[in-house]
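The chain is numbered in sequence order, starting from 1.
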Amino acid sequence: MEKFLDHLVHHWHNIKQCQLNPTSFAYVHYEWYYEDDVLKTKQWYDWNGDVYRQRDHKVVIDNDQIILQTFKDGINVSDMTFTEVKDCVWVGKSERVDELGRRVETKARLTKDSWETSDKGWDKSGTLLWGSEKGPFQFVKCTR
């Protein structure tokens with residue numbers, strides 16, 4: 001878990017991805033940090049600095065998997081299970097049906113220098129409601 005958190009807890013951004021494909025990907029920041037011993041995230045758009053998502057997290061070890069529990073306003077909204085697929089490369093996945101009957105899928109991949117995420121949601125008839133068909137957001141560590 002220590003290696004996983006050492007890799008994850010950083011300020012990430014997707015500047016390269018948005019410059020290569022600006023019509024499909026906004027320039028966003030994704031920060032993992034600790035506040036009062038609580039693992040937190042916040043995401044914001046570069047152009048205006050407005051935070052559009054904030055969450056608290058708890059990390060649980062279950063055998064050889066890492067479970068990242070995500071909380072919004074104190075309520076557990078999802079659990080993502082990460083597996084180390086090779087030395088210091090973790091792949092995570094979460095699937096659930098939300099309170100409105102929408103199927104929600106989240107995928108992630110973490111390495112020392114990259115953080116990729118994909119969130120998608122479908123209605124009961126299988127119509128994509130959110131998420132990119134172009135692929136995951138591809139973040140690198142922010143150095144500014």
> Going through the checks in order, is the side chain to side chain contact (heavy atoms under 4.5 Å, CB included) test met by E105 and W122?
Replying inline: CA-CA 9 Å; E105 178 185 270; W122 296 266; 3.7 Å; yes
>> Which Ile, Leu, Val, Met, Phe, Trp or Tyr residues join V97 in one cluster when any pair of side-chain heavy atoms under 4.5 Å counts as a link?
In response: none
> Going from NZ on K134 to CG on N21, what distance comes out if it is rounded to the nearest 0.5 angstrom?
Replying inline: 6.0 Å
>> Return the CD1 to OG1 distance between I75 and T70, rounded to the nearest 0.5 Å.
In response: 13.5 Å
> Atom CG in D46, atom SG in C142: separation rounded to 0.5 Å?
Replying inline: 8.5 Å
>> Over 60° means perpendicular and under 30° means parallel, so tell me whether H29 and Y27 are parallel, tilted or perpendicular.
In response: tilted
> From H57 NE2 over to L68 CG, what is the distance, rounded to the nearest 0.5 angstrom?
Replying inline: 6.0 Å
> ring-ring contact (aromatic ring centres under 6.0 Å, His included) with H11: which of W44, W32, Y30?
Replying inline: W44
>> Checking D87 against K112 for the salt bridge (Lys or Arg N to Asp or Glu O under 4.0 Å) test, could you report, in this order, the C-alpha distance in whole Å, the side-chain angles of both residues, the deciding distance, and whether it holds?
In response: CA-CA 10 Å; D87 190 33; K112 179 183 174 193; over 6 Å; no
> Can you check whether H7 and W90 have ring centres sitting under 6.0 Å from each other?
Replying inline: yes
> Of all residues at least two apart in sequence or in a different chain, which pass the side-chain contact (heavy atoms from CB on, under 4.5 Å) check with D56?
Replying inline: V38, K40, F71
>> Return the CG to CG distance between D79 and D62, rounded to the nearest 0.5 Å.
In response: 10.5 Å
>> If you apply the rule salt bridge (Lys or Arg N to Asp or Glu O under 4.0 Å), what do you find for K93 with E95, and how did you get there?
In response: CA-CA 7 Å; K93 187 171 184 178; E95 287 187 57; 3.1 Å; yes
> Can you tell me if D98 uses its side chain to pair, donor with acceptor, with the backbone of G101 under 3.5 Å?
Replying inline: yes
> Distance from H10 atom NE2 to E31 atom CD, nearest 0.5 Å?
Replying inline: 11.0 Å
